[in-house]
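Each chain gets a letter, A, B and so on, in the order the sequences are listed, and its residues count up from 1. Heavy atoms only: backbone and side chains are in, while hydrogens, waters and symmetry mates are out.
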Amino acid sequence: MPCGLRAASGCGIRNRDGTERKRNETMRLSQLVGQRLKDAPRDAQSSSHIFIIRGGYARPLSTGIYSLLPLGKRVVAKIEKIIREEMDAVEGQEVLMPVIQPQELWEESGRAQTIGPELLRFKDRNGKPMVLAMTHEEAVCHLARTEITSYKQLPSMLYQIQTKYRDEARPRGGLIRVREFTMKDAYSFHATPECLAAYYDRVHQAYENIFRRVGLKDCISIKSDTGMIGGKLAHEFMAVADCGEDTLFVSPDGRYKANREIAESTLVFEKNPPLPMEEIQTPNAQKIEEIAAFLGTRLQDSGKCVCYATGDGQLVLAMVRGDLEINEVKLKKAIGRGDIAFANDEQIRAAGGCPGYVSPYGLDCKKIKVVFDHSAAESSNLIIGANKENFHYRNFNFGRDFDPATCTVADIRTVKAGEPCPVTGEPLIEKRGIEVGNIFQLGTRYSEKMGVNFLDQNGKAKPAVMGCYGIGVGRTMAAVIEQNHDQYGPTWPMSIAPYQLHLVALNYGQPEVKAAADKLYADLQAAGIEVLFDDRGEKAGFAFADADLIGAPLRLIISPKSLPENKVEFKKRDWGKRSELLDKDTVVAEMQKLVQSEPK
RNA sequence: CGGGGCGUGGCUCAGUCUGGUUUAGAGCGCUUGGUUCGGGACCAAGAGGUCGGAGGUUCGAAUCCUCUCGCCCCGACCA
């Protein structure tokens, strides 16, 4: 057997039969690095995770850190190409910024302080504090403040496809949530918010193009919470998939769509004439369920109170109707603070509350900030804690029993599937989504702090108005598999398939087959088709199972069965076991047509 | 950071409870030879493991004890 690797002789890596390996656009399966696996690792749960491992697309190196094998790298490269085309179409200019950055840069923006251990920090040999970038706002501002100084240069947009590192508390789901990942991130600079808003819409359209072109069948953009990072408007692009980490609510007609964090509904609360308030004994009944069981009432007859504390010890009591859940994102927004956590028992007692029997009734509003959800404020005759062990009150009525002037009333609850949509009134549908991209109108938050100023027509310095736009590349690959697979493997769209065509030679050992298959392989290559050629001569079942796991959209099978009739078997990946016979002399032209007719 | 689970060849796992026929096994994959050949074939012969690591108990530890590291799942967190 010839040795494939020859040092310094000028010979390239050779195929098993001694022939020279051609360019990477075609490949003999016998030489492809990255085995297909019959069994998935035990820890792989989602379809994308299973097929990425079984198909030989990627391998784990550590928790949430993966190597891409040749097949995976090819898919990612195609996704990146599509992203580049669409970013270039909105006048983006590609750059490359460092992953390793001095921490002092992050102190300028203030994020060195506000971001926790998710930002990986370390020191270089001189003891200088450094960080691994989890995003590049600081770096792009560093560039822009010296390179973009005049209104004549605005608007402009810079983008890159670069590694990010986030020391995630819990990576999960294969490539869905990882610590090291490739992200396309883009940053635009504008003279005015109006200019940003108009450009933002163009990027939104570019994103829709990207996700359609990579083959996501069900990808929706939803308004999202801008978080404590601020900004006016933000959208998340969600690939709908059961394994998604985010919960979405959409109306049946799709006109309303929102992340659970901000979704609203027009649920109407039951209002009855107020009854006199009375104290009742409720031994050992703390949870809403226990109270309802003990008193024989419904969950919604109670009020649910949860105490939080901010980072500096300010206490917050949030109250919703007993059958509903508090939404912490909404609560944070309502109180204007992001640093809240459940209060401990001492903190609750210090504010006059009794753990397990907390309610706003009788508390000193100077010691604790009270936030009522509309559901609690608009319901009547609720059962609430008495701030006394083993006692509750019956018939609490907001307004009569609590002064609205001393508290905040806001939407701080999480909506549930089936509640009426705020736009259409129809029952909301709950879906799961993978966040494959997001876009933000940042405004001047970073440019002010980092001194990204330009001179306007009057020679006056002004902070640039910024937008930022991200896409998770590896996550997008995983999301495409989630939406395009069967029980045997991925069913790649032509646009990002690792190879366009999978050529199988059965009984490759037979000279006639070998000759015909080699010629067909060469002809397909010459026609510019990306071919993966299974030249291993394995049994049919074995070869087909591998082909399914790799998932190329087109498949040709050349074998002693059809060769004498001058035919080649053809099937599309999603045809199941069906196939048809094509004339060998015209098959290359037909394949070329199919490759070109598919959306790129 | 809480709760749960798991670490035995590249992958899936048995053996652990009840320490000793185990010189540590099976299937898949890998190598060699042969027979096969249309949906993961068969026979034969091989290569590959300090049973995650350290310490301890014991005549004897994959198995019991202590500590530690790693990995997975649920939750918290997530510009």
Look at all strands and tell whether [X] reaches a base, only sugar-phosphate, or nothing, counting heavy atoms closer than 4.0 Å.
X: A/E538; answer: nothing
X: A/P171; answer: sugar-phosphate
X: A/A40; answer: sugar-phosphate
X: A/T114; answer: nothing
X: A/R555; answer: base
X: A/T63; answer: sugar-phosphate
X: A/I115; answer: nothing
X: A/E328; answer: sugar-phosphate
X: A/G34; answer: nothing
X: A/L549; answer: base

Nearest of [options] to any side-chain atom of [X]?
X: A/S62; options: B/G75, B/G40, B/C71; result: B/C71
X: A/D39; options: B/G40, B/U12, B/C74; result: B/U12
X: A/D548; options: B/G39, B/C73, B/C37; result: B/G39
X: A/F544; options: B/G40, B/G39, B/A79; result: B/G39

Quick one: side chain to side chain contact (heavy atoms under 4.5 Å, CB included) partners of [X], sequence neighbours excluded?
X: A/E168; result: A/E118, A/R166, A/P171, A/R177, A/R179
X: A/S109; result: A/R111, A/E138, A/Y446, A/M450
X: A/A309; result: A/L315, A/A343, A/Q347

To the nearest Å, give me how far apart [atom1] ([X]) and [atom2] ([N]) are.
X: A/E569; N: B/G39; atom1: CD; atom2: P; answer: 11 Å
X: A/E168; N: B/C73; atom1: CD; atom2: P; answer: 13 Å
X: A/Q45; N: B/C72; atom1: CD; atom2: P; answer: 11 Å
X: A/N327; N: B/C77; atom1: CG; atom2: P; answer: 11 Å
X: A/I439; N: B/A79; atom1: CD1; atom2: P; answer: 17 Å
X: A/Y308; N: B/C77; atom1: OH; atom2: C1'; answer: 14 Å
X: A/E245; N: B/C77; atom1: CD; atom2: P; answer: 13 Å

In the strands shown, is [N] matched to any nucleotide by a Watson-Crick or G-U wobble pair with both distances under 3.5 Å, and which?
N: B/G55; value: B/C65
N: B/C71; value: B/G5
N: B/U16; value: none

Partner residues of [X] under the salt bridge (charged side-chain N to carboxylate O under 4.0 Å, His left out) criterion, sequence neighbours left out:
X: A/K571; answer: none
X: A/E580; answer: none
X: A/E236; answer: none

Determine the Euclidean distance between corresponding [atom1] atoms of [M] and [N]; express it in Å to zero decimal places.
N: B/U12; M: B/G7; atom1: P; answer: 11 Å
N: B/C37; M: B/G46; atom1: C1'; answer: 25 Å
N: B/A62; M: B/G20; atom1: C1'; answer: 13 Å
N: B/G55; M: B/U18; atom1: P; answer: 26 Å
N: B/G15; M: B/C6; atom1: P; answer: 12 Å
N: B/U57; M: B/U66; atom1: P; answer: 15 Å

Task: Nearest-0.5 Å distance that lies between atom CD1 in A/I210 and atom NZ in A/K184 - done: 6.0 Å
Task: Closest approach of A/A517 to A/F533 (non-hydrogen atoms, all atoms of both residues) - done: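 Result for this residue pair: CB-CZ, 3.8 Å.
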TODO: Please name the pair of heavy atoms, one in A/F440 and one in A/A234, separated by the smallest distance, quoted to 0.1 Å.
DONE: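 That would be CD2-CB, 3.9 Å.
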Open item on the list: Let's go through A/W492 and A/F51 carefully: what are the C-alpha distance in whole Å and the side-chain angles of both, what is the deciding distance for ring-ring contact (aromatic ring centres under 6.0 Å, His included) to 0.1 Å, and is it a yes or a no?
Closed with: CA-CA 12 Å; A/W492 290 111; A/F51 291 135; over 10 Å; no
Name each donor-acceptor pair under 3.5 Å that joins a side chain in residues 97-106 of chain A to protein atoms two or more places apart or in another chain, with its distance.
{"residue": "A/Q101", "atom": "OE1", "partner": "A/W106", "partner atom": "NE1", "Å": "2.7"}
{"residue": "A/Q101", "atom": "NE2", "partner": "A/P98", "partner atom": "O", "Å": "2.9"}
{"residue": "A/Q103", "atom": "NE2", "partner": "A/E107", "partner atom": "OE2", "Å": "3.1"}

Open item on the list: A/K572 vs A/D574, test: salt bridge (charged side-chain N to carboxylate O under 4.0 Å, His left out). Steps then yes/no.
Closed with: CA-CA 5 Å; A/K572 291 192 177 175; A/D574 52 12; over 6 Å; no
TODO: Map A/I557 and A/E137 onto RNA chain B by nearest heavy atom, then report which one ends up closer to the 5' terminus.
DONE: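 Its nearest nucleotide lies further toward 5', so the answer is A/I557.
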TODO: Would you mind telling me which residue lines up with the more 5' stretch of RNA chain B, A/R179 or A/M183, judged by nearest nucleotide?
DONE: A/R179
TODO: Would you mind building the protein contact string for nucleotides 1-9 of chain B? One character per nucleotide, 5' to 3', B for base within reach (heavy atoms under 4.0 Å), S for sugar-phosphate only, - for untouched.
DONE: -----S---
Please write out the pairs of protein N or O atoms and N or O atoms of nucleotides 41-47 of chain B separated by less than 3.5 Å, giving the distance to one decimal.
none

